[in-house]
Structure formats: C-alpha cells, structure tokens
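Below is one structure, written out as structure tokens; comments come after it.
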Number of protein chains: 2
Amino acid sequence: MKNRIQELRREKHMTQEELASLCKVTRQTIISLENGRYNPSILLAHKIAKIFGLSIEEVFIFEEE
Amino acid sequence: MKNRIQELRREKHMTQEELASLCKVTRQTIISLENGRYNPSILLAHKIAKIFGLSIEEVFIFEEE
DNA sequence: CGGCCATGTTAAGTAAACTTTACATAAAAA
DNA sequence: TTTTTATGTAAAGTTTACTTAACATGGCCG
C-alpha cells in the first residue's frame with residue numbers, strides 16, 4: 001500500500017511535527033508512515049484523511065495485494 | 001468506530017466462514033470485528049469494503065473520536 | 001562560523017490486530 | 001434423537017502499529 005501523506009502535507013505547508021500533533025500521534029509515527037515502514041491503523045488513516053479533507057481511498061492507494 | 005459487516009454479510013447471504021476465507025483471515029477475526037472487539041487493519045478494512053462493493057467509509061462508521 | 005529547524009535512523013518497549021486451538025450452544029436437518 | 005451448521009467464548013501466542021528516547025545530518029539564518 002502506498003500513501004500520499006508527504007505530498008499532501010507539503011501541499012498544506014505542514015511539518016511532520018504539526019501533522020503529528022493534529023493526529024495526536026508522535027512524529028516517529030508520521031515518519032514511519034511517510035517512509036512506508038508500516039501502515040496506519042484505520043482510525044489513524046481516517047484522522048489523516050480528514051485533516052486533508054479527503055477520503056481514506058484518496059490518501060491511501062491500495063494496489064493489488 | 002462502528003461497522004456494518006454483519007448487516008452487509010447477511011444481505012449477501014454469506015457465513016462468517018465464507019467472508020473470512022474471501023478476506024484470507026480466520027473466522028475469529030470476523031467474529032471479533034462484527035462484535036466490536038477490535039478494529040480491522042486498514043488493509044483488512046479495504047478488503048472487506050471491496051468484497052461488499054463499497055468504500056471503507058461506507059462500511060466503517062467513524063463517529064467522534 | 002554556530003545554532004536552530006526539519007527530517008531521518010536506531011533500538012527497546014507497550015498495545016492492538018490477528019492466529020490457533022479447544023470447547024459451548026442453539027437451530028436446522030437427517 | 002442424533003448430527004451438522006452457524007455462531008460465539010476463552011486463552012495463549014505471534015506480528016504489527018505506535019511510543020519513547022537518544023542521536024545524526026543537511027539547510028538556512030543569525
């Protein structure tokens with residue numbers, strides 16, 4: 001699964017720190033998501049999508065798995 | 001977070017066993033999701049939504065959290 | 001130059017998702 | 001009545017998401 005977090009965060013001129021605190025997770029978590037180390041929980045995915053004003057499917061790209 | 005898994009599964013006349021094998025998880029996982037013991041991973045949420053031909057947001061209801 | 005800011009790495013720990021196995025029960029079918 | 005089918009519970013174990021903390025680096029600004 002790919003995601004557009006870094007791209008969308010930069011569009012909004014947000015730092016990892018700012019996004020993390022909006023989501024109420026740590027900066028490490030944002031780094032791990034942006035760098036593809038693991039996938040977010042569905043709740044975190046929803047929070048992130050909401051912050052960007054998009055649906056989960058618009059932020060997280062599910063390729064064949 | 002609430003979900004409509006049981007409702008949608010019954011609409012499709014599917015057993016927990018059938019849904020589980022389509023998702024490639026165990027029946028226990030489906031039971032746990034239907035009975036609200038825990039939330040699915042984003043990958044499992046996506047698979048389930050896909051099986052029902054819906055978006056994640058149509059199957060999983062995010063109330064204020 | 002020197003310091004700060006944003007990003008990244010590593011590692012160890014906790015919490016939550018998911019598995020495996022075993023057993024229980026009610027309803028339908030044989 | 002006995003068996004089968006669908007659903008559920010419980011407990012212990014593995015894997016993955018997330019935290020905490022410490023340290024590294026390149027870019028920018030004074």
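Side chains included, hydrogens not; waters and symmetry mates left out as well; all remaining heavy atoms used. Because the structure is a prediction, the values reported are computed rather than measured. To find a chain, count down the sequence lines: A is the first, B the second, and so on, and within it residues start at 1.
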Side chains of [X] and [Y]: closer than 4.5 Å at any heavy-atom pair?
| X | Y | answer |
| --- | --- | --- |
| A/K24 | A/K47 | yes |
| B/L33 | B/V25 | no |
| A/I42 | B/F62 | yes |

Notebook entry, point to check: After noting the C-alpha distance and the side-chain angles of B/S32 and B/T29, does the key distance pass the side chain to side chain donor-acceptor pair (under 3.5 Å) rule?
Noted result: CA-CA 5 Å; B/S32 296; B/T29 297; over 6 Å; no
Notebook entry, point to check: Minimum heavy-atom separation for A/M1 to A/I61, with atom names?
Noted result: CG-O, 3.4 Å
Checklist line | Dot-bracket pairing map - DNA chain D, Watson-Crick plus G-U, both contacts under 3.5 Å, | cross-strand | finding: ||||||||||||||||||||||||||||||
Note to self: Counting only heavy atoms from other residues, nucleotides and ligands, does the tally under 6.0 Å from CD of B/E7 exceed 12?
What the structure shows: yes
Item checked: Reading 5' to 3' through nucleotides 7-19 of chain C, protein heavy-atom contacts under 4.0 Å coded B for base, S for sugar-phosphate only, - for none -> BBBB------SBB
Note to self: Out of the candidates A/K12, A/R27, A/Q6, A/R9, only one should pair with A/L19 under the side chain to side chain contact (heavy atoms under 4.5 Å, CB included) rule; please name it.
What the structure shows: A/R9
